[in-house]
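Structure first, then comments.
Sequence lines set the chain letters: A, B, ... in the order given, protein chains first and strands last, and positions in each chain run from 1. All of these numbers come straight from a predicted model, not from anything done at the bench.
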Amino acid sequence: MSLRSLLLGVTRVKELSILLVTIAAGIYFTATSDAFNSLDNYQTIAQYVAPWAIIAAGQVMLLICGEIDLSAGFVFTLAPFMLTLFFVNGWPLWLALLGAIVVSTLVGLVNGLIRTLLNIPSFITTLGMAFLLQGLVLIISNARPVGAPKDSWVVDVFGGSRWTEFLWAAGAVVVMQVVLSATRFGVHTQATGGNPVGAAESGIPVNRVKVVNFAITSTLAGLAGILQGTRVGSYDPTNGGFTTMFFAVASAVIGGTALLGGSGTVVGAFLGALLLGIVFDGFNLTGVSANAFNVVLGAAILVAMVLNVTLIVVRKRAGSRELT
Amino acid sequence: MSLRSLLLGVTRVKELSILLVTIAAGIYFTATSDAFNSLDNYQTIAQYVAPWAIIAAGQVMLLICGEIDLSAGFVFTLAPFMLTLFFVNGWPLWLALLGAIVVSTLVGLVNGLIRTLLNIPSFITTLGMAFLLQGLVLIISNARPVGAPKDSWVVDVFGGSRWTEFLWAAGAVVVMQVVLSATRFGVHTQATGGNPVGAAESGIPVNRVKVVNFAITSTLAGLAGILQGTRVGSYDPTNGGFTTMFFAVASAVIGGTALLGGSGTVVGAFLGALLLGIVFDGFNLTGVSANAFNVVLGAAILVAMVLNVTLIVVRKRAGSRELT
Amino acid sequence: MTADVIRVEGVSKSFGPVDALADITLHVRRGEVLGLIGDNGAGKSTLIKILTGYHQPDGGRILFEGEPATLKSVVHARSLGIETVFQDLAMVDDLPVYLNLHLNRELTHRPIPFLRRREMKHRAREALDSIGIDIPSVTAEVGMLSGGQRQAIAIARSVYSKAKLLLLDEPLAAMGAKESALILRLLQELKRRGDIAIILIAHNYGQVIDICDRVNLLQHGEITFDRPAAETSVAELLDLVNAEYHLGEP
Amino acid sequence: MTADVIRVEGVSKSFGPVDALADITLHVRRGEVLGLIGDNGAGKSTLIKILTGYHQPDGGRILFEGEPATLKSVVHARSLGIETVFQDLAMVDDLPVYLNLHLNRELTHRPIPFLRRREMKHRAREALDSIGIDIPSVTAEVGMLSGGQRQAIAIARSVYSKAKLLLLDEPLAAMGAKESALILRLLQELKRRGDIAIILIAHNYGQVIDICDRVNLLQHGEITFDRPAAETSVAELLDLVNAEYHLGEP
Amino acid sequence: ACTGVQQAQNGGRSGPFPGNPGWRFVFVNHVTTNSFFVPTRSGLADAASLLGVPEPQWTGSENGNVAQMASAMETAINSKVDGIAVALTDDHAFVELTKRALGQGIPVIAYNASAAGNYPLTYVGQDLYLSGFRMGQRIAQKITSGDILVGISQPGGNNVQPRLDGITDALKQAAPGVRVQSVNTGAEQAGELNAMTAAYTGNTGAKGIYAVDAGSTAACAKLIADRGLSGKVGAGGFDLLDDTVAGVKGGALDFTIDQSPYLQGFLSVLYLYLFRLSGTLVAPPATDTGLTFVTKENVGPYATAHSRFEGGDNKDVIGMPGAIPLPPASVPSR
Ligand SMILES: Nc1ncnc2c1ncn2[C@@H]1O[C@H](COP(=O)(O)OP(=O)(O)OP(=O)(O)O)[C@@H](O)[C@H]1O
Ligand SMILES: Nc1ncnc2c1ncn2[C@@H]1O[C@H](COP(=O)(O)OP(=O)(O)OP(=O)(O)O)[C@@H](O)[C@H]1O
Ligand SMILES: [Mg+2]
Ligand SMILES: [Mg+2]
């Protein structure tokens with residue numbers, strides 16, 4: 001009886017279906033490759049997942065309130081170079097890192113203000129910002145990669161030590177999920193996306209909600225960029241960009257966030273990123289070469305989503321049958 | 001009096017503001033570069049604009065009914081290789097071209113069916129399709145460009161002769177604008193995006209409307225790919241892709257299409273593409289160096305949009321004052 | 001006495017855990033106006049959405065003009081001659097009044113199927129004038145209009161179709177007194193012509209008794225009361241709906 | 001006799017070419033219920049949206065509790081104690097009933113400002129029960145509910161706030177007879193307590209006369225009629241709104 | 001479409017060599033789908049086929065993303081492959097990974113791009129920066145003052161940016177009067193043509209039109225042909241796309257640079273194989289795959305053969321020319 005109600009409770013968890021799909025992907029690769037289940041490989045998967053999950057944690061909030069940030073990938077690229085810039089100008093490393101994060105936040109703020117005050121669609125605002133930042137990175141870096149700083153506790157904490165990047169990702173996901181589902185700000189974000197006019201009539205400061213979410217997304221993107229660059233040991237002007245942004249948004253959408261606003265969960269986005277990471281790693285592990293890789297990747301995304309949708313239908317049916 | 005009412009009518013044209021911004025951009029570059037106003041340069045601009053405008057003509061329809069096609073850029077890439085595949089297998093050139101277009105249409109059909117029958121968000125459906133097609137192109141082409149066919153009336157008509165690519169673009173824009181604003185299908189597309197439930201309650205076959213628009217977008221993308229490849233004389237597997245899709249969608253949004261569905265015009269998207277083309281061409285013309293290019297591009301997009309929004313406000317105010 | 005335009009026999013419908021309709025049986029004849037009343041959430045709109053092909057029933061059957069009919073979709077129902085004013089109005093805010101009035105029934109030229117905008121505007125103007133609603137411009141976007149104006153458009157849309165069965169889900173909810181009167185007169189006019197069956201949902205029992213030939217009460221997913229309007233009164237209906245309620249008491 | 005809670009003096013508002021309000025002057029006292037009636041599109045909702053800080057007037061001035069007030073925003077108006085039930089209800093379909101009931105007034109823990117979901121559910125249940133509306137579950141998403149159920153939630157939301165001025169824009173439009181009666185009783189209860197001023201918009205003049213102390217008629221952007229409810233009648237109001245209309249005639 | 005069917009079965013033996021358990025080699029590349037590497041992939045497939053090992057996996061990043069390459073290399077290490085060839089396009093990102101691979105007995109060699117401070121067993125290829133530097137010197141022989149346009153598909157891209165840097169540095173030394181105007185052409189070939197055309201339209205006084213990636217080079221050739229600029233401007237670039245070869249042949253381009261990408265794949269596999277087979281005894285030698293300026297004199301076979309060695313389809317033996325043009329004179333090592 002208690003097991004039954006437990007099961008019943010489980011079927012009501014929104015993220016269940018995507019979790020099952022992710023597990024299915026794991027089982028598939030376990031069967032096709034011996035090396036899949038090893039700590040080393042888990043770490044590799046974690047490395048794929050972390051940046052997407054961190055950025056997605058912000059994008060989910062933005063998507064829920066009906067916006068999108070195309071420039072997040074370039075904030076990801078920019079932040080490490082801002083850090084370097086501050087660092088070589090004599091700031092202590094921790095302060096340089098903080099400075100880079102603050103710059104990232106400011107970029108988000110500017111995005112949000114342009115979006116809300118000037119009422120320019122976020123697609124265009126952040127597309128313009130994306131190009132602007134990309135150019136800025138090239139100018140700052142002189143189009144050349146630089147080595148990440150080394151030998152400091154700051155480095156160890158922010159990506160240098162094993163798993164720290166992933167821990168930050170997990171932290172970001174937990175914090176943002178709590179913000180979304182356990183705070184007024186989270187409810188207001190949902191209301192802003194679900195019914196902008198209604199939210200405004202209820203006195204919710206919809207513009208402020210949007211600006212804050214732009215700032216959050218950008219901050220997280222900057223953090224993710226620094227973490228990844230530091231882990232890899234190199235800050236590279238071609239990292240990040242539209243590709244990274246794309247996979248972050250895809251993670252969110254795979255995880256159940258509606259592109260048209262109103263609903264979504266951060267945990268779902270994390271599972272979406274995990275699924276993509278497993279698929280990427282798995283196909284590399286089983287030796288799929290570059291030309292065929294995208295065919296397999298595309299097919300895997302489609303199959304996973306079909307499975308996901310089927311599971312959602314099954315889950316809903318099971319849930320409602322039990323309740324009747 | 002008649003002039004006044006003419007002016008009044010003009011202020012009511014939705015695309016007026018973006019047209020003015022485009023003209024402003026043209027004036028700016030005329031002032032900064034002697035070479036801007038020459039037939040040769042117009043042709044270069046037209047070459048930038050044509051593919052974006054053709055794809056955007058379809059994307060506008062999709063965006064209006066609340067969907068997006070991320071795979072359009074890869075249909076653009078695929079179509080020329082399908083043409084080549086049919087051609088080297090002995091089909092006459094015109095039939096090979098027709099075959100490639102039909103394949104493009106089918107891709108759109110599949111996108112639409114997955115979207116509507118399985119109810120998978122179009123972002124994911126078409127993202128999966130994008131990767132799949134990209135892989136397919138790489139396999140078919142072995143990642144190598146091939147020369148476009150030559151010496152046939154088909155080649156001359158489809159991009160080979162000067163200006164033909166642009167003429168096709170103009171044709172696509174006119175036809176799609178007419179479809180959008182002068183046919184039942186156009187009204188149904190707007191209704192589907194504006195109020196999906198209401199449209200369905202009114203008996204509009206919303207799913208069919210979406211599928212057809214997916215097919216249209218894909219068809220146009222395939223056509224654009226063949227035209228561009230034929231003009232350049234080389235079919236290249238790196239052409240198109242997410243970049244081209246991005247600029248097509250950006251053209252649409254700059255031209256006033258709402259990303260969340262409901263409203264937009266094809267002519268606006270064309271003007272958006274024209275603006276982007278002028279900006280790209282203009283900055284290359286004035287010798288902006290590679291590293292700085294994107295900074296300038298991003299800033300130009302933002303400035304253009306701010307101008308555009310300001311003009312819209314002015315236009316609305318002027319229009320309403322006259323009427324009162 | 002003419003035959004039933006529609007007969008509903010034992011129809012049921014659940015949404016997951018919610019049983020909206022348990023076992024509905026009702027019928028309407030040509031030239032008849034049936035009033036359907038019931039509490040909020042009783043399932044009236046759900047029944048209408050089934051008759052209009054928007055929802056599929058879980059059980060039971062529907063006979064249209066004596067023939068068993070599966071109403072597959074709104075298009076299908078409409079092709080049979082079933083027209084609806086939905087409670088949520090089914091308006092597209094971004095489209096102008098005249099296009100909303102002709103939604104999915106746009107007029108086109110022949111042979112080239114371009115829209116006949118001018119004619120649609122003209123007809124829209126006429127239809128709205130005859131209802132007597134004051135709408136600034138038929139080219140205004142519907143999203144800008146007041147609640148009553150929107151409702152008037154939805155009603156005009158259905159009333160001016162050549163329907164055999166007209167379903168009206170609270171058409172007068174947001175209508176002013178003057179506008180309500182005009183619309184009720186319009187329905188009376190339709191009724192007099194005698195070639196149409198109408199189901200009207202309303203919470204204003206006075207209006208229901210005024211216009212309807214027969215009244216059905218929907219309670220707990222079933223029709224619990226079916227009586228000619230002439231043989232009942234507002235007071236009786238109110239008593240039925242709520243025993244504790246007494247007319248006149250504020 | 002208590003002082004005016006709100007006074008509107010010569011307020012006007014246009015939307016582009018449409019003059020919604022020309023020159024409005026009205027006032028409500030504490031403990032008083034003012035009925036505001038008028039045709040569809042007369043400008044009633046526009047006036048309410050101005051009083052609630054959602055629109056800004058083009059001209060005229062507003063005095064709140066005797067002081068000139070610029071109602072900058074909904075938050076601002078609410079901070080002064082002005083609560084509204086909008087005609088479009090301002091519901092977020094994707095959110096559950098209990099969160100819609102507490103929209104922008106969510107309860108949180110201290111010092112960590114997490115939501116007190118359990119308590120909000122509990123209060124929502126109570127509020128809805130006291131209105132007497134039957135809603136399957138307070139955790140259901142509002143998008144699934146019937147028209148009347150949605151309206152009940154919007155009313156409960158405002159009535160249970162500690163407002164000084166309560167603005168109700170056609171709160172009973174989609175409500176059933178039983179539910180209407182319960183809500184009217186609730187308003188009467190609020191009125192009896194005497195610490196609140198209420199403006200009620202309704203098209204059902206019977207209800208208006210029953211509950212209101214005073215009736216104002218909004219026509220052509222101006223208040224053309226202002227009389228205690230006891231000194232007028234449904235018939236008179238109907239005559240005013242439309243000379244051609246006669247009560248009793250169907 | 002891929003080769004690989006014949007290597008489907010694991011393991012095999014070849015010629016005089018003993019059988020092997022089907023060694024799996026992985027190539028980590030920075031621009032996996034770039035047409036430049038088509039011959040490289042032919043080369044590695046040929047070597048694998050010759051030696052009886054499965055066709056190596058070709059992976060990494062499509063657009064020069066270092067983190068993605070590092071992850072791909074890490075995946076290879078995790079799956080305990082038998083050898084890794086990596087294009088070291090970053091100085092820092094691959095150091096730890098190389099150490100880790102070597103520590104686990106996985107040989108690592110660098111191909112196409114190498115980096116200082118890393119520990120690959122050897123390097124097979126040509127230095128990207130050096131190739132740019134040589135090109136700069138070559139330009140300086142023809143142009144000593146004025147503007148030149150240099151197209152680059154992806155500024156900052158680690159397969160192209162070093163070449164541009166090399167050109168700039170060489171010109172600073174050899175012809176300081178030349179001003180380099182870089183043109184951001186974008187990754188797609190058609191856009192590259194538009195960008196180069198616009199840049200030239202705006203600067204018709206330019207003395208030269210050059211490029212540092214395959215697509216932009218082809219665009220230069222097409223631009224010069226379109227505008228009838230043959231012989232009026234200096235022109236050249238990299239790699240051997242059809243339009244480029246035609247451009248050299250027709251005189252539109254002065255030169256294009258061939259880096260023998262075939263050998264980079266072929267030799268890498270051969271070296272990894274021998275290193276394993278001999279239990280480290282046959283240490284792989286550092287190999288300069290050369291930098292050949294393809295000019296009107298030696299373009300003949302490039303234009304006609306469509307050879308698999310240069311990215312074509314032709315698998316036949318290619319006829320030798322009657323005489324072999326003299327290569328650059330040898331330089332004494334001391
Ligand atoms: N799509 C749906 N999903 C889940 N529940 C639904 C759905 N549509 C209606 N319901 C539920 O079914 C019940 C009946 O709703 P319905 O809209 O038919 O009521 P109604 O009689 O029209 O009420 P009202 O007079 O308030 O409009 C309600 O409890 C409602 O919440
Ligand atoms: N945002 C807006 N933009 C343009 N016109 C508007 C807007 N809001 C209202 N109007 C117009 O102003 C007039 C008054 O509208 P309002 O909603 O105030 O009427 P109302 O008295 O509430 O009518 P109802 O009883 O039908 O709800 C109408 O003609 C309406 O079309
Ligand atoms: Mg209803
Ligand atoms: Mg109103």
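The structure places CG of A:N41 at 5.0 Å from CG of E:N78, a figure rounded to the nearest 0.5 Å.
If you measure heavy-atom distances from A:V137 to chain E, you find no contacts under 4.5 Å at all. Interface residue E:D165: only side-chain heavy atoms are found under 4.5 Å from chain A. With a 4.5 angstrom heavy-atom cutoff, A:Y42 does not touch chain E via any of its atoms. Neither the backbone nor the side chain of A:T286 has a heavy atom closer than 4.5 Å to any heavy atom of chain E. Both the backbone and the side chain of A:L285 come within less than 4.5 Å of a heavy atom in chain E. Looking at A:D281, both its backbone and its side chain come within 4.5 Å of chain E, counting heavy atoms on both sides. Only the side chain of A:F280 comes within contact range of chain E, with at least one heavy atom under 4.5 Å from a heavy atom of that chain.
For the pair E:K80 and A:D34, the salt-bridge criterion is not met [side-chain N within less than 4.0 Å of a carboxylate O].
Within 6.0 Å of CG on A:D151 lie no more than 12 heavy atoms contributed by other residues, nucleotides or ligands. In the displayed structure, E:Y129 atom OH is contacted under 6.0 Å by more than 12 heavy atoms of other residues, nucleotides or ligands.
Between A:Q47 and E:S71 the shortest heavy-atom distance is OE1-OG, 4.1 Å. Pairing each heavy atom of A:N239 with each of E:A67, the nearest pair is OD1-N, 3.6 Å. Nearest heavy atom pair, residue A:S289 against residue E:P56, reads OG-O, 4.1 Å. Between E:D90 and A:P145, the closest heavy-atom pair is OD2-CB, 3.5 Å. Residue E:E74 comes nearest to A:T44 through the heavy atom pair CG-OG1, 3.6 Å, listed as atom of the first residue, atom of the second, then distance. Considering every non-hydrogen atom in both A:G233 and E:H92, the closest pair reads O-CB, 3.0 Å.
Between the E:Q57 side chain and the A:V288 main chain, a donor and an acceptor come within less than 3.5 Å of each other. Judged by distance alone, the side chain of E:T32 and the main-chain N or O of A:A290 form no donor-acceptor pair under 3.5 Å.
Within the 4.5 Å cutoff, no side-chain heavy atoms of A:D40 are placed close to those of E:I77. Side chains of E:R41 and A:N291 form a contact here, defined as non-hydrogen atoms less than 4.5 Å apart. Between A:T238 and E:Q154, some side-chain heavy-atom pair lies under the 4.5 Å cut-off.
Options E:N65, E:T33, E:D91 differ in how many heavy-atom pairs under 4.5 Å they form with chain A, and the most are formed by E:N65. For the options A:R144, A:Q228, A:Q43, heavy-atom pairs under 4.5 Å to chain E are most numerous at A:R144.
Residues passing the side-chain hydrogen bond (donor to acceptor under 3.5 Å, both in side chains) test with E:T40: none are found, sequence neighbours excluded.
Side-chain contact of A:N294 with E:E62: a donor-acceptor pair under 3.5 Å is present, judged by distance alone.
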